[in-house]
Amino acid sequence: MGFIDVADVLAGGVSGEISVRGWINNSRSSGGIMFMLLRDGSGLLQCTVRREAVGEELYGRLEGLPLESALELSGTVREDGRAPGGWELSVSGAGAVYPAKLDYPLVRKEHGVEFLADNRHLYVRDPRLQNIFHIRAKFFEAARDWFREHGYTETQSPSFMTASVEGGSTLFNVEYFEREGVYLTQSWQLYAEAMISSLGKIYTIAPSFRAEPHRTRRHLSEFWHLEVEEPWTDLEGIMGTGDALVTHIAHTLADDIPEKIKRAGRDPAELLKLETPFPRISYDEAVEIVQGEGVEMFWGDDFGWQQEGPLTRKFDSPFWVVGFPSGIKPFYHMPDPDRAEVTMSGDLMAPEGYGEIIGGGQRVHDYDQLHQRVLDDGLDPENYSWYMDLRRWGTVPHSGFGLGIERVIMWMLGLEHIRDTIPFPRDMRRVYP
RNA sequence: GCCGCCGUGGCUCAGCUCGGUAGAGCGUCUGCCUGUUAAGCAGUUGGUCAUCGGUUCAAAUCCGAUCGGCGGCGCCA
């Protein structure tokens, strides 16, 4: 006889005699009746064990199992409003049992952040995290679906690289055999620009690494980066891609797994309200808004924490800020043909203070212009020679962006901290476990 | 890197201001309980107070250093 997933039982599509297997998430006994909350990969099911039904020997054995022991249980499925989830299993017998060797350190009680981080390898079992990880999986699925339906090809770039994309101070140095100057990737962008001449519209989903010593609730040193690059596309075109992609993901989460979204703390209706396209404001307008709220900001400054507040309060959906000054954007951003001091760039800002979720724009496709931009940024063109080579053979206008998956999940679910969006978060003080 | 806060039984914390060699709740364990929802009740177990050094008759408590952690900033996704 096969084993049934807890999720299928809770969905109400199962009846009669079945078997389930999982881990004891919690267990309570009151002498003659015992309630075991059994957790498998799909959810939590209350399993009710009666002394008179299973006999003295089995009842005693089950009662003595520590939390997080694993076992197989069989019995009858019953709808019951008293059980969490509305369904429960009346246990008639047990199969294989894998008892926990020690008492489980994560009791059903408050724990501090440090203790939970030290025990992350166990804490990932927590039903709240389990739920978020399921949503995360759906996020990846929805993104890939959207790309497939719209003719994009998924491809990969190397994680070891020799040139900086974003800025030298944020690079992780790697010991690479005998060689100096090898780093972990911050973005696939340079390689993506090579690949568009091979595959056309492309995307990747891969980790990126940033060595900046962040100490905030929305930064990781290793994050999952969803990046897109498209030939024959300008700034407005690539923002349209971002609009459609983010909206599709939000709607898919709300439509397909509304109960999981609700359990994570977000009303699915909020996600369904999102509409394409998101509002766009120019960098100049953004500066005026910030200044109008009495917060200090000069043209040419980047948005800091203090500037973001007044800005994000103006919108209840994500919004694009376009046309950032050249001085605060890397060399590969294309200058506005009508206004050289600003770039054809766009950042998508999440509402509610979650910050930037997409950064992107149109790239410089002209060789001489790129050469000049590299020099202006104080960089050595030698380090970018293969990248500049791309402008020699069939260069076309092209654009792309990078989306921080954990940031977006954090915003979509309304989470307090980015570490909850990924099973094993990495930040400047955490690489273990 | 900078600013602020914290480190006391397995966990969450109190005690520190006004020094006199430790206390609660939860967990563990034992017993009771046939509908619990972080179950309940009674009892039990468990700590050289992060580390090193200093002051003192005496340090969890005062001073210094070190290590570790948390929150925030600049920057970014």
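Basis for what follows: all heavy atoms, side chains included, without hydrogens, waters or symmetry-related copies.
Of the listed nucleotides (U36(B), G74(B), C75(B)), G74(B) has the atom at the smallest distance from the side chain of Trp305(A). Comparing G35(B), C70(B), C29(B) by their closest approach to the side chain of Asp103(A) singles out C29(B). The Val113(A) side chain lies nearest to C70(B) when the options are C70(B), U34(B), U36(B).
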Identify all pairs in which a protein N or O lies below 3.5 Å from an N or O of nucleotides 43-47 of chain B, and state each distance.
none

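Checking G7(B) for Watson-Crick or G-U wobble geometry (two distances, each under 3.5 Å) identifies C67(B) as its partner. With a cut-off of 3.5 Å on both Watson-Crick or G-U wobble distances, the partner of C41(B) is given as G31(B). When both pairing distances are held under 3.5 Å, A59(B) makes no Watson-Crick or G-U pair with any nucleotide shown. Both distances falling under 3.5 Å, in either a Watson-Crick or a G-U wobble arrangement, place C2(B) opposite G72(B). Under the Watson-Crick or G-U wobble criterion, with both distances below 3.5 Å, U36(B) has no partner in any strand shown.
Along RNA chain B, the nucleotide closest to Ile357(A) and the one closest to Glu416(A) are compared, and the more 5′ of them pairs with Glu416(A). Take the nearest nucleotide of RNA chain B for Gly402(A) and for His417(A): the residue whose nucleotide is more 5' is His417(A).
As judged by a 4.0 angstrom heavy-atom cut-off over every strand, Arg78(A) is placed among the base-contacting residues. Across all strands shown, Ser29(A) has heavy atoms under 4.0 Å from base atoms, whether or not it also approaches the sugar-phosphate. Among the protein residues, Leu220(A) comes within range of the nucleic acid bases, having at least one heavy atom under 4.0 Å from a base atom. Base engagement by Pro84(A) is indicated by at least one non-hydrogen atom pair under 4.0 Å involving a base atom. Counting any heavy atom pair closer than 4.0 Å across all strands shown, Glu406(A) reaches no nucleic acid atom. Within 4.0 Å (heavy atoms only), Asp80(A) reaches at least one base atom of the nucleic acid.
Distance CG (Asn26(A)) to C1' (G27(B)): 12 Å, rounded to an integer number of Å.
Taking the C1' atom of each, A22(B) and C16(B) are spaced 12 Å apart, rounded to whole Å. Between C57(B) and C52(B), the distance separating the two P atoms is 23 Å to the nearest Å. Comparing C62(B) with G19(B), their P atoms sit 9 Å apart, to the nearest whole Å. Here the separation of A24(B) from G15(B), taken at their C1' atoms, is 11 Å to the nearest Å.
Trp87(A) and Asp80(A) share no donor-acceptor pair across their side chains, judged by distance under 3.5 Å alone. For the residue pair Arg210(A)/Thr170(A), the side-chain donor-acceptor check at 3.5 Å is not satisfied.
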Report, one line per pair, each donor and acceptor closer than 3.5 Å where one atom sits in a side chain of residues 404-412 of chain A; sequence neighbours left out.
residue: Glu406(A); atom: OE1; partner: Trp224(A); partner atom: N; Å: 2.9
residue: Glu406(A); atom: OE2; partner: Arg136(A); partner atom: NH1; Å: 2.9
residue: Glu406(A); atom: OE2; partner: Arg136(A); partner atom: NH2; Å: 3.2
residue: Glu406(A); atom: OE2; partner: Trp224(A); partner atom: N; Å: 3.4
residue: Arg407(A); atom: NE; partner: Arg218(A); partner atom: O; Å: 2.9
residue: Arg407(A); atom: NH1; partner: Glu356(A); partner atom: O; Å: 2.6
residue: Arg407(A); atom: NH2; partner: Arg218(A); partner atom: O; Å: 3.2
residue: Arg407(A); atom: NH2; partner: His219(A); partner atom: NE2; Å: 3.4

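A side-chain hydrogen bond (donor to acceptor under 3.5 Å, both in side chains) with Thr241(A) is found for exactly one of His150(A), Lys201(A), Glu230(A), namely Glu230(A).
Ion pairing between Glu341(A) and Arg339(A) holds under the 4.0 Å rule for side-chain N and carboxylate O.
In this structure, Arg419(A) reaches the G71(B) phosphate: one of its side-chain N or O atoms is under 4.0 Å from OP1 or OP2.
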